[in-house]
Amino acid sequence: MKIAVIGSGGREHAICWALAKSPLVSQIICIPGNGGTAHEDKCININPVDCEYAEGLQGIDAVVQTAVFEKADIAVIGPEDPLVAGISDQLWSCGIPVVGPKTKGAALEGSKDLSKIFMKKHGVACAKSETFTNAEEAHTYIDKVGAPIVIKADGLAAGKGVVVAADVKTAHEAVESFMNDKTLGDAGSVVVIEEYLQGVEISILAAVSVTDESASSGKACIKPFVSARDHKRLLDGAKGPNTGGMGAVAPVSDVTDIDLELFNKNILEPTLNGMIAENMDYRGFIFFGLMLTKDGPKLLEYNVRLGDPETQAVLPLMDFDFAAMCRAVIDGSLRDFEFTWKKGFVCAPVAVSGGYPQSYKKGYEISIDNETVSKEGAKIFIAGAVDDEGKLKTSGGRVLCASSFGSTFEQAWASSYKALGAVQFTDMFFRKDIGLPGAAESGNL
Ligand code: AMP
Ligand code: GLY
């Protein structure tokens, strides 16, 4: 099988690495890929801008053309933007099966309003909310319900669309900024104002195979992976600004069997039933962003893709063939596909460019002492770095992560940090507490 993987981050590097291990996979083309996928087994990077056959095409049109011309047998989509823009619909109509939902399913992430409508209609446990298209009405509502309160821009905003407001002044400012000042463009024209939930956060990633056919034969399913946790704040102790993710662990030790049972009953099953009821053709991944509250897990958001950096912590725990699982997602046999997980833990701290998430410099050479990394049994997943004539150079905020397995969490933690210690680049910065007590986002103001 020749597989096209779409994207250029650490998640996509981990996906390529997991696919490469499968005997079913002959070649992986990563479009456009990064400095890690460039050197991954069986993998080559193809950037549509370098391809004559994609000349004059932009965005997802160029990517689709590349997958078609390169004769990909299936495609796996990493990020949400191409999914929301309809890349799966296009690839399927060109005869390429896709792991990644079509636009109707992708709207579960593309619009917070549509996603809340779906949750409420199908009885998914979530925060109470109201949607506003008019700023005056939003201000009046905030004054009526008070703080703490959460203001969310409806559209995709690359992690900048949520303000957890401790006081009404902050909430009013967020409404002004999103709706009147248009700081997020059209993404903030509509806002969802949501009840503030207290608890600790976790991420549950899952594979989904829902089609008309699988629904009528009782085979539609959502199969969860082991639990994971991202650490979004920049600094130790969950302090500092929000980032795209400073490190992940899996599975999460403080998640109980009761939490998982309640998650299945109150979130996963209603989501599956909702997808079936709405005739979604959803074959891909879903990511449940959860708050573990005193009343049980509540859904903060759906993402219609795998998480980054959660994927870099979850995939190394798989004791099954990831490519075979992708095929089962597509052909509707996922329900009978057995997930087995390594018994142990993964810790995956992320190293970022100094200055991130604000401004930072790019182009620094990265040195990696591979002997130490392999002695630790660790894997370096590359995110914001490119291959520049054989040299790995920084090209983004989140540069890489060191993902390490251990039979105890303490072993995984120590090993991942030793591996990260074997990496160097100018102004490199990382959190030292990924997975330790007090490191998790707690939803406390
Ligand atoms: P989202 O993009 O919806 O996951 O929101 C981003 C972050 O905002 C989450 O990871 C939480 O830390 C926080 N958040 C979102 N919704 C709520 C809520 N209802 N209560 C408390 N915190 C929230
Ligand atoms: N780790 C959070 C995300 O992928 O959105």
Side-chain angles (χ1 to χ4, degrees), residues 7 9-12 14-15 78-81 83-84 108-116 119 124-130 145 147-166 170-171 174 178 184 187-188 191-206 225 227-233 238-250 252 285-295 297-314 348 350 357 381 383 398 401 434 439-445:
R11 166 185 49 210
E12 288 75 30
I15 290 173
E80 64 278 19
D81 298 86
L83 290 166
V84 172
L108 289 177
E109 179 168 359
S111 162
K112 300 255 187 226
D113 180 37
L114 284 181
S115 149
K116 292 298 294 203
M119 292 179 208
V124 176
C126 63
K128 292 190 196 87
S129 70
E130 294 281 338
V145 298
I149 195 161
V150 183
I151 316 295
K152 299 186 172 186
D154 176 55
L156 290 182
K160 297 190 176 71
V162 177
V163 173
V164 180
T170 310
F178 293 165
L184 303 173
V191 298
V192 174
I193 302 188
E194 196 169 274
E195 169 198 13
Y196 167 76
L197 296 176
Q198 200 162 8
V200 281
E201 289 181 52
I202 62 159
S203 310
I204 297 193
L205 319 181
F225 298 165
S227 59
R229 174 173 285 146
D230 187 8
H231 298 68
K232 287 187 189 154
R233 303 290 205 98
K239 301 218 163 52
N242 234 354
T243 71
M246 295 297 292
V249 296
V252 181
F285 300 110
I286 196 157
F287 162 142
F288 299 93
L290 303 175
M291 187 72 89
L292 302 181
T293 74
K294 64 175 180 17
D295 302 320
K298 300 239 172 122
L299 184 64
L300 294 178
E301 61 166 352
Y302 293 113
N303 293 315
V304 297
R305 50 172 174 81
L306 293 176
D308 190 340
E310 288 91 331
T311 303
Q312 294 90 303
V314 169
V350 170
F381 290 119
R398 289 189 297 164
C401 81
I434 298 303
E441 253 70 57
S442 68
N444 288 322
L445 289 169

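Every number for a ligand or one of its atoms is a count from 1 in the order of the listing.
- Between S129 atom OG and K112 atom NZ the span is 11.5 Å, to the nearest 0.5 Å.
- Note that CD of E109 is 9.0 Å distant from CD1 of I286, once rounded to the nearest 0.5 Å.
- Interface atoms of ligand 1 facing M291, defined by a heavy-atom separation under 4.0 Å, are 21 (C), 22 (N).
- Counting all heavy atoms, side chain and backbone alike, A187 lies closest to L156 at CB-O, 3.5 Å.
- Of all non-hydrogen atoms in F225 and I204, the two that sit nearest each other are O-CG2, 4.2 Å.
- Of all atoms in ligand 1, listed by their number and element, those nearer than 4.0 Å to a heavy atom of K152 are 3 (O), 15 (C), 16 (N).
- No part of R11 comes within 4.0 Å of ligand 2, judged by heavy-atom distances.
- Close contacts between ligand 2 and R305 involve ligand atoms 3 (C), 4 (O), 5 (O) [criterion: under 4.0 Å to a heavy atom].
- Inclusion of E441 in the set of residues having an N or O under 3.5 Å from an N or O of ligand 1 is not warranted.
- Considering backbone and side-chain N/O of A127, none are found under 3.5 Å from N/O of ligand 1.
- When heavy-atom distances to ligand 1 are checked against a 4.0 Å cut-off, L197 comes that close through both its backbone and its side chain.
- Contact atoms of ligand 2 toward D230: 1 (N), 2 (C) (distance under 4.0 Å to a heavy atom of the residue).
- At a 4.0 Å cut-off, at least one heavy atom of K232 sits close enough to ligand 1 to count as contact.
- Shortest non-hydrogen contact noted between G188 and A153 is CA-CB, 3.9 Å.
- Distances below 4.0 Å separate heavy atoms of F287 from the following atoms of ligand 2: 2 (C), 3 (C), 4 (O).
- Closest approach of A166 and A147 over heavy atoms only: O-CB, 3.4 Å.
- Against a heavy-atom cut-off of under 4.0 Å, N303 is close to the following atoms of ligand 2: 5 (O).
- Heavy-atom distances between K298 and ligand 1 stay at or above 4.0 Å for every pair.
- Taking any N or O of E301, backbone or side chain, none lies under 3.5 Å from an N or O belonging to ligand 2.
- Among all heavy-atom pairs drawn from I15 and T311, the shortest one is CG1-CG2, 4.3 Å.
- Contact between M246 and K232 at its shortest, heavy atoms only, is CG-O, 4.3 Å.
- For ligand 2, the atoms closer than 4.0 angstrom to any heavy atom of G307 are 4 (O).
- Considering backbone and side-chain atoms together, D308 places an N or O closer than 3.5 Å to an N or O of ligand 2.
- The ligand atoms of ligand 1 that sit less than 4.0 angstrom from a heavy atom of K112 are 1 (P), 2 (O), 3 (O).
- Heavy-atom contacts of E194 reach the following atoms of ligand 1: 16 (N), 17 (C), 18 (C), 19 (N) (cutoff under 4.0 Å).
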